[in-house]
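Working notes, beginning with the structure itself.
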Amino acid sequence: LAVDPPWLKERFLAKRVYLYDSPGRIEILRTLTQEQRRFRLRDYLKRLHFSVSRQQALQDLKTIAWVHQQGRGKGSYYKAL
């Protein structure tokens, strides 16, 4: 597995643009839950370098069976089972 995330058009843009497909995002989520049993949506977005929308990140977290949301709103966090 590569250590650095994939990037696109770095020489044309001021910052790197990362692209993650669904299996890649799930693998990133798996490593995040192994390092932190409890995390926030912001932590997941940081790992993805904010390359996906907030709605896509929420959808990813809802579809994963081994991650459950605790609380509601901005103070909510996610917990791995």
Side-chain angles (χ1 to χ4, degrees):
L1 295 174
V3 176
D4 293 332
W7 55 275
L8 178 69
K9 299 179 185 176
E10 180 182 9
R11 60 189 163 132
F12 298 115
L13 301 172
K15 64 178 184 173
R16 285 188 176 189
V17 176
Y18 299 93
L19 296 178
Y20 297 101
D21 57 351
S22 182
R25 292 192 310 267
I26 291 171
E27 188 59 35
I28 289 171
L29 189 56
R30 188 178 314 276
T31 59
L32 177 63
T33 56
Q34 288 172 352
E35 294 172 8
Q36 302 177 12
R37 296 277 298 162
R38 182 177 152 177
F39 62 94
R40 298 179 73 168
L41 177 64
R42 185 179 321 135
D43 299 327
Y44 179 49
L45 286 170
K46 281 182 186 177
R47 289 286 177 105
L48 294 172
H49 304 281
F50 296 93
S51 64
V52 297
S53 67
R54 185 176 184 276
Q55 290 79 16
Q56 180 62 54
L58 286 170
Q59 185 64 31
D60 290 346
L61 292 168
K62 285 180 184 177
T63 58
I64 304 297
W66 38 271
V67 174
H68 291 285
Q69 183 176 5
Q70 302 290 319
R72 294 214 180 255
K74 289 186 177 183
S76 69
Y77 62 91
Y78 293 86
K79 199 171 186 178
L81 299 177

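When all heavy atoms are compared, the tightest approach of Leu45 to Ser53 is CD2-O, 4.2 Å. Nearest heavy-atom pair, Ile64 versus Asp60, reported as atom, atom and distance to 0.1 Å: CG1-O, 3.0 Å. In plain terms, the two heavy atoms of Gln69 and Gly71 that are nearest each other are NE2-O, 3.4 Å. When all heavy atoms of Tyr78 and Leu58 are compared, the pair lying nearest together is OH-CD2, 3.4 Å. Arg47 approaches Ile28 most closely through the heavy-atom pair CB-CG2, 3.7 Å. In terms of heavy-atom proximity, Ala65 sits nearest to Leu81 at O-CD1, 4.3 Å.
Without hydrogens or angle criteria, Arg38 side chain to Lys79 main chain gives no donor-acceptor distance under 3.5 Å.
To the nearest 0.5 angstrom, Arg37 atom CZ is 12.0 Å from Leu32 atom CG. Residue Glu27 holds its CD atom at 9.5 Å from CG of Leu29, rounded to the nearest 0.5 Å. Atom OG in Ser51 sits 10.0 Å away from atom CD in Gln56 (nearest 0.5 Å).
You'll find the side chain of Leu41 reaches within 4.5 Å of the side chain of Arg54, heavy atoms only.
In this structure, Arg25 forms no cation-pi arrangement with Tyr20, as its terminal cationic atom is not both closer than 6.0 Å to the ring centre and no more than 45° off the ring axis.
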Subject >> Candidate pair Val52 and Tyr44, rule side-chain contact (heavy atoms from CB on, under 4.5 Å), full reasoning >> reply: CA-CA 10 Å; Val52 297; Tyr44 179 49; 5.6 Å; no
